[in-house]
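Below: one structure, written as structure tokens.
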Amino acid sequence: MMSEESEPMRHIDLGSPPLEQPAAGHWFPGPPPPVYSCTLTPELEAKAREELQEKPEWRLRDAQALRDMVLKEQPKLRTRLDDAFLLRFLRARKFDYDRAMQLLLNYHSSRRAWPEVFQDLKPSTVKHVLDLGFLTVLPHPDLNGRYILCLRPGKWKANDYPFEDNIRAIYLTLEKLIQPEETQVNGIVILADYTGVGLSQASNPGPFLAKKVVSILQDSFPIRIKAVNIINEPRIFKGIFAIIKPFLKEKMAERYVLHGSDLRSLHCNIPRSVLPEEYGGVARHLDMSAWSKTLLDSEEEFIVEFCQPDPLEGVVLPDSMLFEGEQPGGGARDDDTFRGLRSQLYYCY
């Protein structure tokens, strides 16, 4: 199900020894310095040149070109304009100025469209999600240098807290993950463990929220999701995927790999050396605390980034904007769609 553009599969030594475990809270790179200085290795620069059309000698010129576009076309937009920030969007759109500009506008407009997620967005407001063990980031990247975001939706129950809190925790994690330039070039991998997922979790988000989540990940956030590995999915996952798939672009849909309970299949995509024991790996037990500490220690930087006035105040956006209002009657259509899909979920269950 992987696309032709996916990295070629490498040989994996299933008997590889465990990697040395980093100290809790000190394994992930810190935020970039105020003045941009490229941190890419020569190997990553070559990869960025080949895959993203990034030319080191033109890098700052490209950032300046995007900066000029923002100042000319959206002078009232309250956004960061430093090189490090703008390069995230350029890399995510292979240095196409127009597409990078659209992504930047989508990035800000999604915040206005979903205040339940983006208002007062900081790590301390999702501590209960982190404590529950809903998500973490594995301490070691895979063989392609991609960090692995591990989601465990079965840990959440509908009466625990609103589903949007999970999205808040995921978004904060993505914001932290995208800071290092290596992630901007390599992308990330998602590992979703559906152990314990039942009808209540599957039907709670509904197609309206599913569409918003997918739209943010595909069109409104500067990150490259290179693979989504689903394990321990129950039969009901067919219904869950039926909700999500209509909103996925073809390339993204092809990057979903369903492993069931077959850990050897998982190990063909993610090496045992970076997986915890819970998933047949040799990297010790799954540790949820290290990533929680990384996020919670970043409280102040997220306050500066997100707990500010509306960046779109006074901005006139193009009619084609992804989150430009809701269509009249759209909610009713979503409800009708949801009723049909819900009946499918019951059938699968």
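It should be emphasised that the depicted structure is a prediction, and the values quoted were computed from it without experimental measurement. Only heavy atoms go into these numbers, but all of them, side chains included; no hydrogens, no water, no symmetry mates.
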Does any non-hydrogen side-chain atom of [Y] lie less than 4.5 Å from one of [X]?
X: Q218; Y: F247; value: no
X: K249; Y: R255; value: no
X: F306; Y: D120; value: no
X: V197; Y: N232; value: no
X: K211; Y: V214; value: no
X: L217; Y: L174; value: yes
X: K176; Y: L295; value: yes

Using a strict cut-off of less than 4.0 Å between a Lys/Arg side-chain nitrogen and an Asp/Glu carboxylate oxygen, indicate whether [X] and [Y] qualify as a salt bridge.
X: R168; Y: E116; value: no
X: D83; Y: R67; value: yes
X: E51; Y: R91; value: no
X: R80; Y: D82; value: yes
X: R49; Y: E57; value: yes
X: E277; Y: R284; value: no
X: E164; Y: K212; value: no
X: K293; Y: D297; value: yes
X: E45; Y: K55; value: no

Please check if any side-chain donor atom of [X] sits under 3.5 Å from a side-chain acceptor atom of [Y], or the reverse.
X: S273; Y: H140; result: no
X: N229; Y: Y256; result: no
X: Q102; Y: Y97; result: no
X: N106; Y: D219; result: no

Between the main-chain N or O of [Y] and the side-chain N or O of [X], is there a donor-acceptor pair closer than 3.5 Å?
X: N186; Y: G145; value: yes
X: E299; Y: S124; value: yes
X: D165; Y: Y161; value: no
X: T125; Y: L121; value: no
X: S298; Y: T294; value: yes
X: R88; Y: I223; value: no
X: T183; Y: L177; value: yes
X: E54; Y: A48; value: no
X: Q184; Y: F89; value: no
X: R272; Y: G280; value: yes

Of all heavy-atom pairs between [X] and [Y], which one has the smallest distance, and what is that distance?
X: L135; Y: M288; answer: O-CE, 3.2 Å
X: E233; Y: Y194; answer: CA-CB, 3.8 Å
X: D142; Y: N144; answer: OD1-N, 2.9 Å
X: D96; Y: D98; answer: OD1-N, 3.1 Å
X: Y279; Y: H267; answer: O-NE2, 2.9 Å
X: V274; Y: P141; answer: CG1-O, 3.2 Å

Can you list the steps and then say if R152 with L286 is a side-chain contact (heavy atoms from CB on, under 4.5 Å)? CA-CA 12 Å; R152 301 195 296 171; L286 186 63; 3.8 Å; yes
Classify the ring geometry of Y171 against F221: parallel below 30°, tilted from 30° to 60°, perpendicular beyond 60°. perpendicular
Are [X] and [Y] connected, step by step, through hydrophobic side chains (Ile, Leu, Val, Met, Phe, Trp, Tyr) whose heavy atoms are closer than 4.5 Å?
X: V185; Y: Y147; value: no
X: L52; Y: L90; value: no
X: F118; Y: L105; value: yes

Between atom [atom1] of [X] and atom [atom2] of [Y], what is the distance when rounded to the nearest 0.5 Å?
X: K155; Y: N166; atom1: NZ; atom2: CG; answer: 13.5 Å
X: M252; Y: E250; atom1: CE; atom2: CD; answer: 12.5 Å
X: F85; Y: I178; atom1: CZ; atom2: CD1; answer: 10.5 Å
X: L40; Y: L87; atom1: CG; atom2: CG; answer: 9.0 Å
X: L86; Y: L104; atom1: CG; atom2: CG; answer: 7.0 Å
X: L44; Y: T39; atom1: CG; atom2: OG1; answer: 8.5 Å

Flag yes if more than 12 heavy atoms outside E278 fall under 6.0 Å of its CD atom; otherwise flag no. yes
Give the intermediate values and the outcome of side-chain contact (heavy atoms from CB on, under 4.5 Å) for residues I170 and F134. CA-CA 9 Å; I170 292 173; F134 179 83; 4.0 Å; yes
Show your working on side-chain contact (heavy atoms from CB on, under 4.5 Å) between V189 and L149 and close with a plain yes or no. CA-CA 6 Å; V189 169; L149 169 58; over 6 Å; no
Please step through salt bridge (charged side-chain N to carboxylate O under 4.0 Å, His left out) for the pair K72 and D68, ending with a clear verdict. CA-CA 6 Å; K72 179 181 179 180; D68 292 341; over 6 Å; no
side-chain contact (heavy atoms from CB on, under 4.5 Å) evaluation trace for V137 with I148: CA-CA 6 Å; V137 174; I148 301 165; 6.0 Å; no
Taking the ring of W58 and the ring of F95, is the distance between their centroids below 6.0 Å? no
